[in-house]
Structures are given as structure tokens and as C-alpha cells.
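Some notes on the structure that comes next.
Sequence lines set the chain letters: A, B, ... in the order given, protein chains first and strands last, and positions in each chain run from 1. Not measured: the values here are computed from a predicted model. Below, all heavy atoms of this structure are taken into account, side chains as well, without hydrogens, waters or symmetry copies.
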Protein chains: 2
Amino acid sequence: MPKKSTPSNIKMSDIAKIAGVHTSTVSRALAGSPLVDEAVRKKIAGIARSCGYVVNSAARSLRLRRSQTISVAIPLGHESQQPLSDPFFVEMFGYLADEITQRGYGVHLQKILPPMDRWLENLIASNQPDGILIIGQSTEHKAIEAMAKKFLPLVVWGGQVARQSYCTVGSDNIEGGRLAAEHLLACGRQKIVFVGDTNAPEFLLRYKGYRAALEHSSHDIEKPYLASSHLTADGAYAAVKSLIAGKHALDAICAATDIIAANAIRAITDTGKTVPGDIAVVGYDDIALAAHTNPPLTTVRQDIQQGARTMVDLLFRRIDGEKTPSAIIPTQLVIRASSGCP
Amino acid sequence: MPKKSTPSNIKMSDIAKIAGVHTSTVSRALAGSPLVDEAVRKKIAGIARSCGYVVNSAARSLRLRRSQTISVAIPLGHESQQPLSDPFFVEMFGYLADEITQRGYGVHLQKILPPMDRWLENLIASNQPDGILIIGQSTEHKAIEAMAKKFLPLVVWGGQVARQSYCTVGSDNIEGGRLAAEHLLACGRQKIVFVGDTNAPEFLLRYKGYRAALEHSSHDIEKPYLASSHLTADGAYAAVKSLIAGKHALDAICAATDIIAANAIRAITDTGKTVPGDIAVVGYDDIALAAHTNPPLTTVRQDIQQGARTMVDLLFRRIDGEKTPSAIIPTQLVIRASSGCP
DNA sequence: TTGAAAGCGCTACCAC
DNA sequence: GTGGTAGCGCTTTCAA
């Protein structure tokens, strides 16, 4: 390792020397302590500015045991191939970052891959973030549950799980799954397949909603049918292709996410069939892409921006010691052309 | 501020006590130093694991003056309203994060808003990142130029500027702008308007390429015409609407980015005109959305993933002391329906 | 109101 | 190979 090129090696003691005071006074002055004389404060602030001095955050964090940083963790237990560049994560992360930086905190991103032994403990011990946001429980419900008891400032984007005691934000996934399936039923579809990975609570809940809709239907409907699919673009594409090639007849796909749905459309089209003519498709999330697929995607909207805002709001209230409850953000069916029905 | 709930207060000296050795030995053992006896090393590693011990990165950074962290900065001098959630940033950031985490480094995201006095110095002094990636020069060419002389591990996504000495990665923007304009000319369009904000070097270069194409054309073409546009969705939409309402006739739009192009399409359609019938549209970037607009967007493709990979590769070579040159990633016209011409 | 001194947790130098 | 020790840059208690 070559020696570090550090442009700014100015430290607090340098400022102190120039100002002719002790370091502790500089520290207080820069922190805006009322103890320090106003004239002295101004003088110190001036010197600091003209020297381009900024406190070293590592030293500050070490001393304060507080880092002014929020860690955003993305556990990919169910799906280690899924890249951070997945549009849903990336869209969600962007909104979270907007909200966090606006409050003067830094944002640290961490991708958690299996094996994930004690990842949460390690994340906290190592980075000492002031709060943690987890996007998707993945298969980590237990780990999160255990940690949430000891570490308060923790908010999770995901599905509500029975007897869960940590704070989640998410849409009502059962309701959303039901909305999607009921819409397809109302459009006259009878062989509706759910495509997704039910190892993650969110998707399992959506699947449950879908099942409920089918089972409560008075029409003569094919039994619920689950086609497992990876969440990557290629994985979803392949899953749908083999589904179509398989012997299970279908006239509609209820996808666990928009990414799966968008790739389902591609797979169906590439097979020579039409959407929604032969097979109708409904997604979930309403990411930016959904409005622009061809045909545009009917989907269950979760307002990601509002979700992000809610998560950050709850997180900061927890940092302040409040024991916030979970929040559910509204869910809404957005009807576009892919379901072939007004 | 309520007292911090810290689940893991175990430190190195605790491990040392349990193992019956000195802290320095633990430090060496955990760092995999060849000095420490193999049996001792294993014992210490075992204890550390079973205690869930992880080194405190603030302390480590302070001591080492090295943070195992890369800062990704997004200066928005030209466009303070542009959110971090802009699809281009977010897509680029996702790929960068993938590459960086894969190398065992942390990722820190920073949004830089005006007034940006000394922001680069401050970023370095405060966060002590081991390297910096800047997405887009925005209006900050001078600040970056000055810093690049003192701080080596710095790579910028953006346009190549005359006499620039820092390391950039980006497509050949002049060439790209020319490709777009030439394509429209080849399709028989004669009143082509460039829509974008030329305050950022990248977009200025694209505009130059566009001008060059028009000026070299032998046909009877309208003079180059620049319609300024914000990069936000709403800003671009409004800009194009007022362009159409204005007195300058046009039959094609050469957009500085896909976001502008996508919103141009929306604006044109909402005005009752058709794309590409009345007005052809060409974008720039080929973000994920481009393939899915209606009609699908003809655009100048920059391979963002390859760009990200290149940036991170160059950055780590710079961290190792190498003085890497700038890199240009290939540019390619992707013809879809929005330009109305095969 | 300011100064002195301790110490946050870690690594690296110097002895042995 | 291992132990002792100094010190990274900062904040905060305690004295003055």
C-alpha cells in the first residue's frame, strides 16, 4: 500500500494553535457550545473556514460512539444472484438516500450475502451506525427479530410476519396479492399462475392473497399454481419460458414483482404469444419501468417514495428513543394494458 | 439524545483477556499476521467468533488513516432539484456499489448541493474515504481539477474537458451527439432541436456533436437550436411543452438524456401530436427505461455497467498508486421506434 | 469562560 | 513470537 495522499491534514490542535487557545475551546466553539465567548467563537470559526478545516469523523465517531451515519442493508438470502442494481432496490435506495442526507446523516450501503452468520451484529459492531434500514427481510426474519430486541433504531421494509416485534414498513401484501388476482378473475381469466419466490415473507404474503382470491371465487377456476422464479431478469425470463413450455395451461400470470412481470411479458412475446391476448400479466410494485413496458403493466402500486419517507421518519423517531409501531402504506391497483381489461 | 443502545460492546482487549494474551497479539492474529503462532491464532479467532467480536471500524480508521470506504459523490450544481432517485444516478450507483462491495469496501453516498464551497476538501477531510467516485462534473470542473492534483484516488464519470488532468470515464459525448443528430438527418428530419442543459460538460459536448452534424449536412437544414431543459421529469416535460407551443417549428428532438427524451415523448403525445409521426425523438444513455417507453426510444447507448466497472477498476489502481489515464467507453446508436426510421 | 488530562479502540513500533 | 506502549483526533469531565 503506497502512502496515503491526504490533502487536508489540518486538525483541531492546529486551529487551536493559530487561534491561541486550547483544543477543547476549539471543539466547543465549533460545536456551538454556549460556554465559549462569542468573539472567540467567531474568531475560531473564521480560522477554521479559511483553513478548510472539518472535523475528522472517524475520531469523532470513536469518541462519541455515534457516527452520524445510517446503514442501509440489503440481505439477499433468498437470492444471492440478485444485483444491487435491481431497479426496485435502487429506486428505494435513492429515495432513502434523499431523505437521510437531507437530515444531515451519511448513508452507508451494505449488501448482505450468504453465509450471513451474525451479519447484523457485525454490521452494528463494525460500522456503529446510528440506525439501520433493512430492505426486505429475505430469509432473515429470525436474525432481525433477535437483533431488534437489543438495538432499537432498526426499521425494515418488508412483510408483516406473525409475532414479529420489529418495526416494518410495507404495503399490505395479502391485500395486494388479492387485488391482483381478483382483477384477473374479473377480467375473465381462469388459469392464473403465481410467479415468484415465496421464501421471502413479502412474496409469500402476496401468494397467500392470490390463493385467497382464487379460493373464494365462485367461478370454475383452476387451482392456485405457484411457479417459482428467481428475481433476476434472466431468472424470471427463463422461469416463464419453461412455464409456457410446460404442461400446465395458463391464461394469466400474477407476478410477485414488476421485474418478474416485465420479463414475463418479454418471455411470452418471444414465444410468439401475445399479452394480454393469450396471457394477461399483472405485476407488483409499480416501479418507474411499469408504465413504460409494452404493453404497459397493470400492477399493484406501492408508493416507494412514501414508503422510504415513512421508514426514515420512523427510524429517526426510534433514534430519539421512541418505540414506533409498524406502518402500512396504501396499496392500489393500477390498471394498464397488460391485463387486457379496463 | 437518549443513551445509545449498543448490543456489542466487546472490544479487542476483552478478547485478549479471555485468550490470556495481549491486545497486540489479538490484533495481529485477527489481521492474519504471519508473526503469530498458528495455534494461538486459531484460538483467538475461535474466541472472537463465539463472542461475535468484530473490529470497530471507527477506531481502525482513526489509527490507520484509512477507512476501507469509497465515497460516491453526486454534485448537483447545475440542477439542485434533481433527486438522487434519478434513474440514471441510481442505475449507475447500483452498479458501482456492486463492484465496490465485491472488493470488500464500504460505499458511502454523498449528494452535493450548492453552495458547494470546498465540498471536495470537506468530503475528504471528514470522511477520509480511500477513494472518491464523482458522478458527473456538473459545474464543478475547477474544484475537481484542483483536488485531483492533491488527491490521487479520484475518478469522475463525465465528459472530457480541455486541459483536464483528472481521470474520467465516459462515452465520447461529441461522437454520441453526432450519431444521434446524423440519424435524425438520415431519417429525413430537417428541424431538429437539441433539448438539454449545456452547463454540464457532458451535455455541452453532446450539443457540440449535434451542431457539428447539422453544420456538416449538405441538405437544407434549419440552424441548430438549443432548448434549455431541467433534468427533472417535470422540468423536461414543461420545457418540451413550451417548445411545442412556441414559434420555433420542429420535426425532431435530440435529447441530452433518456429522461428528457421520455418526458418529451409524454409531452408531445399529451399535446395531441404523435411520435415519431409529427416529431421524432432520440435520447442518450439507454437506461433500462428506454427499451420500454411507448414508442420505444431510439437512443445513444452508454454501457453503464461497463462504465461502472471501469471506474471502479481505475479507482483501485489509483489507490494502489498507479496514475491511470482516462477511459472512453464505446458509444452505440440503438435504433428503436421513436425516431421513425429503420 | 478556559485549560488540562483522560480515554474512545485500535495498530505498529520497539523491546525482549 | 509476544508484550508493552504510544498515539491516531476528538470530546468531556474536572479544576481553576
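- The side chain of A:Arg28 contributes no N or O atom lying less than 4.0 Å from OP1 or OP2 of D:dT11.
- Map B:Val40 and A:Ala58 each onto its nearest nucleotide of DNA chain D; the residue landing nearer the 5' end is B:Val40.
- Among the nucleotides D:dG3, D:dC8, C:dC10, the one closest to the side chain of B:Arg65 is D:dC8.
- In this structure, the salt bridge (Lys or Arg N to Asp or Glu O under 4.0 Å) partners of B:Asp313, at least two apart in sequence or on a different chain, are B:Arg317.
- Of the candidate nucleotides D:dG3, D:dT2, C:dG3, D:dG3 has the atom lying nearest to any side-chain atom of B:Ser24.
- Note: NZ (B:Lys11) to C1' (C:dC8) measures 8 Å, nearest angstrom.
- Proximity of A:Thr23 to the phosphate of D:dT11: no side-chain N or O atom is located under 4.0 Å from OP1 or OP2.
- Of the candidates C:dT2, D:dC10, D:dG9, C:dT2 carries the atom nearest the A:Asp37 side chain, counting heavy atoms from C-beta on.
- Salt bridge status for B:Arg309 with B:Asp98: absent, with no side-chain N to carboxylate O gap under 4.0 Å.
- One atom, CD of A:Gln68, and another, C1' of D:dT11, lie 14 Å apart when rounded to the nearest Å.
- Closest contact between the side chain of A:Ser27 and the listed nucleotides D:dT11, D:dC10, C:dG3 involves D:dT11.
- At whole-Å resolution of the value, CG in A:Leu30 and P in D:dT12 are 13 Å apart.
- One finds a side-chain N or O of A:His22 lying less than 4.0 angstrom from the OP1 or OP2 phosphate oxygen of C:dA4.
- Where B:Glu38 and B:Arg63 each meet DNA chain D at their nearest nucleotide, the meeting point lying more 5' is that of B:Glu38.
- Taking atom NZ of A:Lys17 as the reference point, atom P of C:dA4 lies 13 Å away to the nearest angstrom.
- Residue A:Leu64 is in sugar-phosphate contact alone, with no base atom involved, counting any heavy-atom pair closer than 4.0 Å across all strands shown.
- In the model, B:Trp119 has no side-chain atom that pairs as donor or acceptor with a side-chain atom of B:Gln110 under 3.5 Å.
- In this structure, CG of A:Leu62 is placed 4 Å from C1' of C:dC8, rounded to the nearest angstrom.
- The separation between B:Ile44 atom CD1 and C:dT11 atom P is 12 Å, rounded to whole Å.
- Straight-line distance from the CG atom of A:Asn56 to the P atom of D:dG7: 18 Å, rounded to whole Å.
- A residue-by-residue look at B:Thr25 and B:Ala59 shows that B:Ala59 has its nearest nucleotide of DNA chain C further toward the 5' end.
- At least one side-chain heavy atom of A:Ser326 sits less than 4.5 Å from a side-chain heavy atom of A:Gln164.
- The separation between B:Ile15 atom CD1 and C:dG9 atom P is 13 Å, rounded to whole Å.
- Not one N or O on the side chain of A:Asn127 forms a donor-acceptor pair closer than 3.5 Å with the backbone of A:Pro129.
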